J.: 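Quick one: the structure is below, questions incoming.
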Amino acid sequence: MLEIKFLRENPDVVKAGLRKRNYNDDALKIVDQTIAIDTDRRQSQTALDKLLAESNQSAKLIGNLYREGKRDEADKLKLEVASAKSKIKELEAHLNETEVALENALLSIPNLPHDLVPFGKGEDDNEVFQKWNQPLPDLGDKALAHWDLAKKYNIIDFGLGAKISGSGFALFRGKGAKLERALINFFLDEADKAGYEEIIPPLLVNEASARGTGQIPDKEGQMYYAEKDDLYLIPTAEVPVTNIYRDVILDNEDFSIKMTGYTPCFRREAGAHGSEVRGLNRVHQFDKVEIVRIEHPTKSYQVLDEMLDHVRGLLEKLELPYRILRLCGGDTGFTSALTYDFEVYSAAQKRWLEVSSVSNFETYQANRLKLRYRDADGKRHLAHTLNGSALALARIVAALLENNQTEDGILIPKALVPFTRFEKID
RNA sequence: GGAGGAAUGGCAGAGCUGGUUUAAUGCACCGGUCUUGAAAACCGACGUGCCUUUACGGGCACCGGGGGUUCGAAUCCCUCUUCCUCCGCCA
């Protein structure tokens, strides 16, 4: 969430940012409402502190009187103090209310978009930041979509996934399972080479963690929830991995922090339907390797570029046609300041599929996480957090199968063969 | 799942028969004196959040989380969480 101090001192900057997210005048009222709540909160705090200070003095005095044996005077003072207590209780309750209200107001305000973020309502307004310059692969009319290829070679079984769990669950078998495992290992090895520490985190997280990275309250409905134990199934490794640094104060020399993790990701995807969700295009469970960075604010945008290069490198090694989008204000995620999406071209469906999203959250997540660092001057500041998919498996598999199909079978990209230990699926 | 014990500042560790504790002490870290330099020794500073102040400063809260008793709670009570020991179950 945004820092209240910043919002208080720069309401116009905040409003301009929210306008880029298509807030109208009515919706913008939240800014002034939040400031009003904060004013109330601060006044209550001041009043309460004053009363508590007086009450502390009295308590000390009573203690001294008892010690000196002046019982009568002490009892008299006790009665006086008792009357102040109800007022303290009242103020405490009010302060608490304003604090909760302020928290809720701040949670409802999204991150401010970076200057580079284009104006726009939705995905059609995203800016193509890097085009695919070569001709797109043309497989002709006989090309099979990946769900047909999956059946033909018996490598992915959506029917069994549905039988065992429900629609939107895939079962990988044989070379399909091996391909999946090979991709995970390939992505992890590449991240390792780039200096990321490998993490295997818990796949179920508590509410504090879900809140820390912003899944709650924004995307609460997208997560599977184990009610009996009050745990959420992770929608991305970002959640457990970033939360390693919840409530932490770093030293300046602790930067850069580079972590990677492979996890399955669980998403309810309620409401999604139609051809968009066919096959591996959108599933409830998919594998993903995530890269996470925690950085000094002065370096975070340089690091964002570095992360883009990393993802580019992966797609080029896999020989997949891709393009990069810079998301517009309407499409940028709630917690992000600047997001780039990578899409690969799936040649049989003739569609671009999103396979990675790389974002800089600046201090927005860090403020929820209370993730700070001590600067050279000894003062504490919020750190910047970034993350990106490197990469999301399911759609990569879809594109690989479709693009590499031949009459003799599906060819495995050279870079991947050491991991699959077979050259084609036939 | 059952029984018992524990949770204090970066770490260790007192306090836990409620009131000179504004949390002792040691270590670590930082600044200084001494030294050619370093070590040792000595001196000093040394938590987090919020409110207030132009500033210097002042105030409040925090001893795992939440609630309660009391004029006053690290200390007493309730509750939750986590860790340790033992028993049971288990890949």
Side-chain angles (χ1 to χ4, degrees), chain A residues 1-9 34-107 200-212 216 225-232 240 243-255 257 363 365-383:
Chain A
M1 55 191 177
L2 299 178
E3 290 174 273
I4 181 58
K5 190 158 179 282
F6 180 83
L7 192 141
R8 190 195 303 153
E9 290 167 3
T34 305
I35 290 172
I37 294 168
D38 180 53
T39 305
D40 187 6
R41 176 192 129 255
R42 285 154 63 210
Q43 285 169 353
S44 306
Q45 176 91 62
T46 306
L48 177 63
D49 283 356
K50 197 168 158 244
L51 279 182
L52 285 173
E54 287 167 9
S55 141
N56 285 343
Q57 287 299 318
S58 303
K60 212 166 271 179
L61 205 58
I62 291 169
N64 286 335
L65 290 173
Y66 272 124
R67 221 170 300 114
E68 292 164 19
K70 297 175 182 169
R71 194 160 273 272
D72 292 346
E73 278 183 58
D75 288 342
K76 207 172 129 195
L77 192 53
K78 260 203 222 179
L79 288 176
E80 286 175 32
V81 173
S83 69
K85 272 197 79 180
S86 64
K87 205 164 192 181
I88 288 176
K89 274 245 157 79
E90 219 172 276
L91 261 173
E92 258 172 359
H94 183 69
L95 178 64
N96 204 286
E97 270 171 42
T98 59
E99 279 171 350
V100 170
L102 181 64
E103 169 96 358
N104 287 336
L106 286 173
L107 284 175
I200 299 181
L203 306 183
L204 286 91
V205 297
N206 57 28
E207 185 188 324
S209 294
R211 201 169 276 279
I216 293 177
Y225 175 55
E227 193 173 1
K228 214 164 185 177
D229 297 293
D230 198 18
L231 292 169
Y232 296 85
N243 270 281
I244 293 172
Y245 286 92
R246 172 153 49 84
D247 292 321
V248 166
I249 301 178
L250 298 163
D251 286 321
N252 228 344
E253 56 266 28
D254 292 331
F255 297 118
I257 292 172
T363 59
Q365 281 185 333
N367 193 28
R368 289 193 187 188
L369 291 162
K370 296 197 172 52
L371 163 51
R372 290 153 294 168
Y373 68 96
R374 216 181 299 275
D375 218 335
D377 59 3
K379 293 209 171 120
R380 287 160 303 282
H381 308 276
L382 293 171

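Proteins get letters first, then strands, A, B, ... in listed order; numbering begins at 1 in each. Predicted model only: the values in this text are computed from it and were never measured. Side chains are part of it too, since the values below use all heavy atoms of this structure and drop only hydrogens, waters and symmetry mates.
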J.: With a 3.5 angstrom cut-off on both distances, give the Watson-Crick or G-U wobble partner of rA73(B), or none if there isn't one.
T.: none
J.: Using a 4.0 Å heavy-atom cut-off, does Ile62(A) contact any base of the nucleic acid, only the sugar-phosphate backbone, or nothing at all?
T.: base
J.: Could you tell me which non-hydrogen atom of Gly212(A) sits nearest to which non-hydrogen atom of Leu369(A), and how far apart they are?
T.: O-CG, 3.5 Å
J.: Can you tell me the Watson-Crick or wobble partner of rU85(B), both distances under 3.5 angstrom?
T.: rA3(B)
J.: Starting from the 5' end of RNA chain B, give me the residue, Arg372(A) or Lys89(A), whose nearest nucleotide shows up first.
T.: Arg372(A)
J.: For the residue pair Tyr373(A) and His381(A), categorise the inter-ring angle as parallel (less than 30°), tilted (30 to 60°) or perpendicular (more than 60°).
T.: tilted
J.: Could you pull out the closest heavy-atom pair between Ala226(A) and Leu204(A), with the gap in Å?
T.: CB-CD2, 4.5 Å
J.: Looking at every strand, decide which applies to Asn56(A) at a 4.0 Å heavy-atom threshold: base, sugar-phosphate, or nothing.
T.: sugar-phosphate
J.: So, for Leu382(A) and Glu3(A), which heavy atoms are closest and what is the spacing to 0.1 Å?
T.: CD1-CD, 3.3 Å
J.: Going from CG on Leu2(A) to OG1 on Thr363(A), what distance comes out if it is rounded to the nearest 0.5 angstrom?
T.: 7.5 Å
J.: Could you walk me through whether Ile4(A) and Leu102(A) pass side-chain contact (heavy atoms from CB on, under 4.5 Å), step by step?
T.: CA-CA 9 Å; Ile4(A) 181 58; Leu102(A) 181 64; 3.8 Å; yes
J.: Using the C1' atom as the reference point in each nucleotide, state the distance between rC34(B) and rC42(B) in Å, no decimals.
T.: 9 Å
J.: On a whole-Å scale, what distance lies between the C1' atoms belonging to rU35(B) and rC16(B)?
T.: 47 Å
J.: If you measure from the C1' atom in rG15(B) to the same atom in rU21(B), how many Å do you get, rounded?
T.: 9 Å
J.: Of all of residues 203-211 of chain A, which get a heavy atom below 4.0 angstrom from RNA chain B, listed by number?
T.: none
J.: Any side-chain to backbone donor/acceptor pair from Asp251(A) onto Asp254(A)? Under 3.5 Å, distance only.
T.: no
J.: Write down the distance separating the C1' atoms in rG18(B) and rG72(B), rounded off to the nearest Å.
T.: 8 Å
J.: Quick one: does any side-chain atom of Arg368(A) pair with a main-chain N or O of Arg211(A) as donor and acceptor, under 3.5 Å?
T.: yes
J.: What are the two closest non-hydrogen atoms of Leu95(A) and Arg41(A), and how far apart are they?
T.: CD1-O, 3.5 Å
J.: If you assign each of Ser58(A) and Asn96(A) to its closest nucleotide in RNA chain B, which residue comes earlier from the 5' end?
T.: Asn96(A)
J.: Please give the distance between the C1' atoms of rU85(B) and rA28(B) as a whole number of Å.
T.: 31 Å
J.: Using only heavy-atom distances, determine whether the side chains of Asn206(A) and Ser209(A) contain a donor-acceptor pair under 3.5 Å.
T.: yes
J.: What range of RNA chain B does chain A touch, first nucleotide to last, counting atoms under 4.0 Å from its heavy atoms?
T.: rG19(B) to rG72(B)
J.: If the C1' atom of rG64(B) is compared with that of rU75(B), how far apart are they to the nearest Å?
T.: 16 Å
J.: Below 4.0 angstrom, which residues in residues 38-46 of chain A have at least one non-hydrogen atom near RNA chain B?
T.: Arg41(A), Arg42(A), Gln45(A), Thr46(A)
J.: Return the pairing partner of rG49(B) with a 3.5 Å limit on both distances, Watson-Crick or G-U wobble; otherwise return none.
T.: rC60(B)
J.: Under a 3.5 Å cut-off for both contacts, is rC34(B) paired Watson-Crick or G-U wobble with anything, and if yes, with which nucleotide?
T.: none
J.: Side chains of Glu92(A) and Asn96(A): is there a donor and an acceptor less than 3.5 Å apart?
T.: no
J.: Determine whether Tyr232(A) and Ile216(A) satisfy the following criterion, side-chain contact (heavy atoms from CB on, under 4.5 Å), listing intermediate values before the conclusion.
T.: CA-CA 10 Å; Tyr232(A) 296 85; Ile216(A) 293 177; 3.5 Å; yes
J.: With a 3.5 Å limit on both atom pairs, tell me what rU21(B) is paired to, counting Watson-Crick and G-U wobble, or say none.
T.: none
J.: Quote, to the nearest angstrom, the P distance that separates rC60(B) from rA3(B).
T.: 43 Å
J.: For atom P, what is the distance between rG9(B) and rC62(B), given to the nearest Å?
T.: 15 Å
J.: Give none if rA14(B) has no partner; otherwise give the nucleotide forming a Watson-Crick or G-U wobble pair with it, both distances under 3.5 Å.
T.: none
J.: Before giving the answer on side-chain contact (heavy atoms from CB on, under 4.5 Å), spell out for His94(A) and Asp40(A) the whole-Å C-alpha distance, their side-chain angles and the decisive distance to 0.1 Å.
T.: CA-CA 9 Å; His94(A) 183 69; Asp40(A) 187 6; 3.1 Å; yes
